[in-house]
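Below is one structure, written out as structure tokens; the observations come after it.
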Amino acid sequence: MTGFGLDAVYGALMPEGEDFLGIQDPYELFQKHEDMVLLNDKPWNMEAQAHLLNDYVTPASKMFIRNNGLIPQKIDLENWQLTIDGESAITQKKYSLADLKNNFEPYTYHLTLECGGNGRSEFNPPAKGNQWTVGAVSCAKWTGVRLRDLLEDVGVKSDAVYIGYYGEDSHLSGDPSKKPISRGVPITKAMLEETLVAYQMNGEDIPLVHGFPLRLVAGGWPASASGKWLTRLSIRNKVHDGAKMGGASYRVPCKPVAPGAKVLDENMCIIESMPVKSLITYPKTGAILSGNKNLKINGHAWAGELPVKQMEYSIDFGATWHLCKLKQPTNRLAWQQWDVEVNFPQKGYYEVWAKATDSSGVSQPTILPGWNPKGYLNNACHRIAIQVS
Ligand SMILES: Nc1nc2c(c(=O)[nH]1)N[C@H]1C(S)=C(S)[C@@H](COP(=O)(O)O)O[C@H]1N2
Ligand SMILES: [Mo]
């Protein structure tokens with residue numbers, strides 16, 4: 001892998017005495033678990049595997065990385081500012097990190113962040129972009145200011161419809177006038193209790209690659225709405241029109257289309273709340289069970305803005321389904337733990353399938369759902385293989 005100034009990125013953050021020359025190992029750079037899978041190095045993209053996501057609170061070492069551009073080279077904490085402006089802002093204000101930490105009540109929530117493209121690798125015809133399998137999802141504990149408190153501090157005009165974010169990362173082309181991504185959420189989502197401008201993750205500073213020192217966190221929505229390295233939020237009187245808000249980016253056909261269809265921009269709709277989904281995080285696929293036909297399996301389930309109301313598993317390819325125990329989430333928009341003791345009737349090869357159902361009665365499809373040009377929203381049942389010997 002070739003370098004591009006990572007010494008500067010880590011100059012301030014690495015312990016003294018490190019030899020930066022030659023440190024291009026992203027596992028070391030980003031302090032990631034060795035079982036994480038690197039998908040791209042420019043920009044950096046890395047996903048977890050299902051078995052890495054067994055913790056209820058995702059540790060930084062097992063959190064997927066999704067970058068659209070280049071990580072900021074220098075973080076100037078003293079002078080870091082969050083500007084809130086826009087056509088629908090009554091005033092314009094700037095906040096230092098100290099202002100945010102000292103002048104506003106802190107809130108902490110566990111928030112599920114899933115990349116809209118998680119599961120993309122299964123689509124056919126294939127979609128361009130990172131070939132995520134199942135590991136572009138996390139649920140960490142985020143602490144910060146409620147976005148609504150900042151919006152109320154600035155004042156929101158009655159014609160406000162959207163919030164757009166801007167971050168400090170730079171465009172792959174190196175063109176400083178371009179942003180790699182500038183997305184956001186409708187004002188109604190911005191005003192929700194759990195939408196945070198976060199300065200901590202899991203009780204510590206947010207890791208650089210996940211948005212240090214400040215990040216928007218809008219749980220339950222495609223994680224592309226949660227802007228990293230946050231410096232500016234615009235209160236818009238129309239749907240935000242920043243980078244990757246149009247075309248096929250984070251949008252799907254408003255009406256179902258045949259696989260491979262060409263879809264006009266005007267027929268594409270922005271992804272909002274993510275669909276119901278689940279993972280089997282224990283055991284790891286391929287496990288061999290010897291001398292015992294009982295096995296406790298467990299994982300997580302989530303459903304965007306909705307709670308999950310039921311969790312089931314099948315060991316006969318979906319012919320019959322059985323209930324799992326499902327816990328309540330710590331808070332709204334956090335994933336929910338489930339577990340069950342599975343009894344395998346005889347020795348042999350099995351697939352375990354897991355299926356969640358949201359509070360409105362909608363379940364995960366057992367196989368790939370509707371094709372779309374960029375391969376978003378694959379919430380098919382997760383499956384693992386087990387050999388009982
Ligand atoms: N500034 C900025 N924010 C960003 C991105 C980015 O490239 N730049 N990527 C988005 C996308 S597409 C996803 S899926 C999440 C990934 O967050 P993570 O890398 O912390 O897991 O960040 C979102 N926020
Ligand atoms: Mo994403």
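Counting starts at 1 for both ligands and their atoms, in listed order.
A tilted orientation is assigned to the rings of Tyr350 and Phe344, their planes being inclined by 30° to 60°. Ring geometry for Phe317 against Trp353 counts as perpendicular: the plane angle is over 60°, on a 0 to 90° scale with 30° as the lower cut. Using the six-membered ring where Trp is involved, Phe104 and Tyr95 have ring planes that are perpendicular, over 60° apart on the 30 and 60° scheme.
Nearest heavy atoms, Thr91 versus Val154: OG1-O, 2.7 Å. Nearest heavy-atom pair across Phe123 and Gly370 is CE2-O, 3.5 Å.
Remark: side-chain polar atoms of Lys32 are paired, donor with acceptor, to backbone N or O of Ala60 under 3.5 angstrom. Thr143 places no side-chain N or O within donor-acceptor distance of the main-chain N or O of Gln200, the cut-off being under 3.5 Å.
From the protein, the heavy atom lying nearest to atom 12 (S) of ligand 1 is Tyr250 OH, 3.1 Å. Protein heavy atom at the shortest distance from atom 17 (O) of ligand 1 is Arg215 NH2, 3.0 Å. For atom 21 (O) of ligand 1, the nearest non-hydrogen atom of the protein is Phe64 O, 2.6 Å. The single protein non-hydrogen atom nearest to atom 11 (C) of ligand 1 is Ser224 CA, 3.5 Å, given as residue, atom name and distance. When only non-hydrogen protein atoms are considered, atom 24 (N) of ligand 1 lies nearest to Ser226 O, 2.9 Å. Remark: minimum distance from atom 7 (O) of ligand 1 to any protein heavy atom is reached at Asn68 N, 2.7 Å. Counting protein heavy atoms only, atom 8 (N) of ligand 1 is closest to Asp169 OD2, 2.6 Å. Of the protein's non-hydrogen atoms, the one nearest atom 3 (N) of ligand 1 is Lys228 N, 2.9 Å.
In this structure, Pro180 has no heavy atom closer than 4.0 Å to ligand 1. In this structure, Tyr166 does not count as a contact residue of ligand 1, since none of its heavy atoms falls inside 4.0 Å of the ligand.
Counting heavy atoms under 4.0 Å from ligand 1, residue Ala225 does not touch it at all.
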Pairs under 3.5 angstrom only: tabulate donor-acceptor contacts from the side chains of residues 213-226 to other protein residues two or more places apart or in another chain.
unit_1 : atom_1 : unit_2 : atom_2 : d
Arg215 : NE     : Ser226 : O      : 3.3
Arg215 : NH1    : His210 : O      : 3.1
Arg215 : NH2    : Ser226 : O      : 3.2
Trp221 : NE1    : Glu305 : OE2    : 2.9
Ser224 : OG     : Arg183 : NH1    : 2.8
Ser226 : OG     : Ala218 : N      : 2.9

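Atom numbering of ligand 1 starts at 1 in the shown order; those under 4.0 Å from a heavy atom of Ile65 are 19 (O). Within the listing of ligand 1, atoms 3 (N), 24 (N) sit less than 4.0 angstrom from a heavy atom of Gly227. Heavy-atom contacts of Ile181 reach the following atoms of ligand 1: 2 (C), 5 (C), 6 (C), 7 (O), 8 (N) (cutoff under 4.0 Å). Under a 4.0 Å criterion applied to the non-hydrogen atoms of Cys115, ligand 1 contributes the atoms 14 (S). Listed by number with element, the atoms of ligand 1 under 4.0 Å from a non-hydrogen atom of Asn67 are 7 (O).
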Step-by-step side chain to side chain contact (heavy atoms under 4.5 Å, CB included) determination, Leu100 to Leu150: CA-CA 9 Å; Leu100 296 174; Leu150 297 179; 3.7 Å; yes
query: Going through the checks in order, is the side chain to side chain contact (heavy atoms under 4.5 Å, CB included) test met by Glu194 and Leu111?
result: CA-CA 8 Å; Glu194 301 85 0; Leu111 297 167; 4.1 Å; yes
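The distance criterion of under 3.5 Å between nitrogen or oxygen atoms is met by His210 with respect to ligand 1.
Side chains of Glu122 and Asn378: a donor-acceptor N/O pair is present below 3.5 angstrom, by distance only.
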